[in-house]
Amino acid sequence: SAARLGVIEKAVLVKLFLVCLSRPALVAVYAIGISVSRLCMKFSFRPDEPGFSEKVYNLWGQVGKAFFAVAVAYFVYRLVDIVEYYLRRWTSQGEGHMNDMLVPLIRKTLRVFIIVISALFIADAVLEMEITSILAAAGVGGLAIALAAQETIANFFGSINIFADRPFQVKDRI
């Protein structure tokens with residue numbers, strides 16, 4: 001029945017979500033441990049008192065925030081598995097072997113995008129590094145590479161067009 005399939009589908013989604021959450025939760029617990037341990041340490045904010053200095057106190061807080069940001073980024077990275085599951089289900093309904101090649105391409109592209117954005121966010125917001133010059137250099141470098149590799153990029157977008165249009169199947173004679 002349709003109601004039973006809906007319940008099963010929700011159970012599968014919850015299971016996938018919990019599997020995606022399991023490993024990042026360990027990193028988040030580690031981040032919480034770092035933050036809580038900072039409360040138990042003796043810090044001195046004056047040079048004549050014994051204890052860790054203010055720099056160590058601030059560094060300890062940044063490390064805790066960085067670990068928590070890594071846990072969130074890792075969770076988002078693992079959520080790509082749910083997207084892949086539903087893409088595989090969607091593409092299995094259609095015909096053609098091109099769908100089997102398209103899903104891993106989308107999965108890898110999403111994961112690389114998440115890694116790059118997460119690394120930039122952690123460097124900028126959490127570790128308070130200056131990344132605008134890095135982004136500017138990457139933009140100029142990317143433009144230079146794009147101009148040098150115009151034919152390769154054209155072939156790449158042509159292959160994406162072939163994937164999307166599916167004018168032929170694997171093992172077809174062309």
Rounded to the nearest 0.5 Å, what separates atom [atom1] in [X] from atom [atom2] in [Y]?
X: I114; Y: L110; atom1: CD1; atom2: CG; result: 6.0 Å
X: L87; Y: I82; atom1: CG; atom2: CD1; result: 12.0 Å
X: L16; Y: R78; atom1: CG; atom2: CZ; result: 10.5 Å
X: I122; Y: F68; atom1: CD1; atom2: CZ; result: 11.5 Å
X: I145; Y: Q150; atom1: CD1; atom2: CD; result: 13.5 Å
X: L120; Y: I134; atom1: CG; atom2: CD1; result: 8.0 Å

How far apart are the closest heavy atoms of [X] and [Y], and which atoms are they?
X: Q62; Y: V126; answer: NE2-O, 3.8 Å
X: A71; Y: A28; answer: CB-N, 3.6 Å
X: G61; Y: R38; answer: CA-NH1, 2.9 Å
X: A123; Y: I131; answer: CB-CG2, 3.9 Å

Under 6.0 Å between ring centres: does that hold for F17 and F75?
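Yes, ring centres under 6.0 Å apart.
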
Same cluster for [X] and [Y] if Ile/Leu/Val/Met/Phe/Trp/Tyr side chains link at under 4.5 Å?
X: L26; Y: V29; value: no
X: L135; Y: V116; value: yes
X: L105; Y: V83; value: yes
X: F121; Y: M129; value: yes
X: L79; Y: Y85; value: yes

- [ ] Carefully, step by step, assess W60 and S35 under the rule side-chain hydrogen bond (donor to acceptor under 3.5 Å, both in side chains).
- [x] CA-CA 8 Å; W60 204 264; S35 298; over 6 Å; no

ask   = Are C20 and K15 close enough that some pair of their side-chain heavy atoms sits under 4.5 Å apart?
value =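 A side-chain contact is absent here, since even the closest heavy-atom pair is not under 4.5 Å.
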
_A side-chain contact here means heavy atoms from C-beta on lying under 4.5 Å apart; do R89 and E9 qualify?_
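Sidechains of E9 and R89: in contact.
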
- [ ] Ignoring hydrogens and angles, tell me if any N or O in the side chain of S118 forms a donor-acceptor pair with the backbone of I115 under 3.5 Å.
- [x]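 Such a contact is absent between S118 side chain and I115 backbone.
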
*Quick one: ring pair (Phe, Tyr, Trp, His ring centres under 6.0 Å) partners of Y86, sequence neighbours excluded?*
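With sequence neighbours excluded, Y86 shows a ring pair (Phe, Tyr, Trp, His ring centres under 6.0 Å) to no residue whatsoever.
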
**Asked** Quick one: side chain to side chain donor-acceptor pair (under 3.5 Å) partners of T132, sequence neighbours excluded?
**Response**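 Only E130 meet the side chain to side chain donor-acceptor pair (under 3.5 Å) criterion with T132.
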
ask   = According to the salt bridge (Lys or Arg N to Asp or Glu O under 4.0 Å) rule, which pairs have a member within residues 105-114, sequence neighbours left out?
value =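 Passing the test, one end in residues 105-114: D81-R111, E84-R107.
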
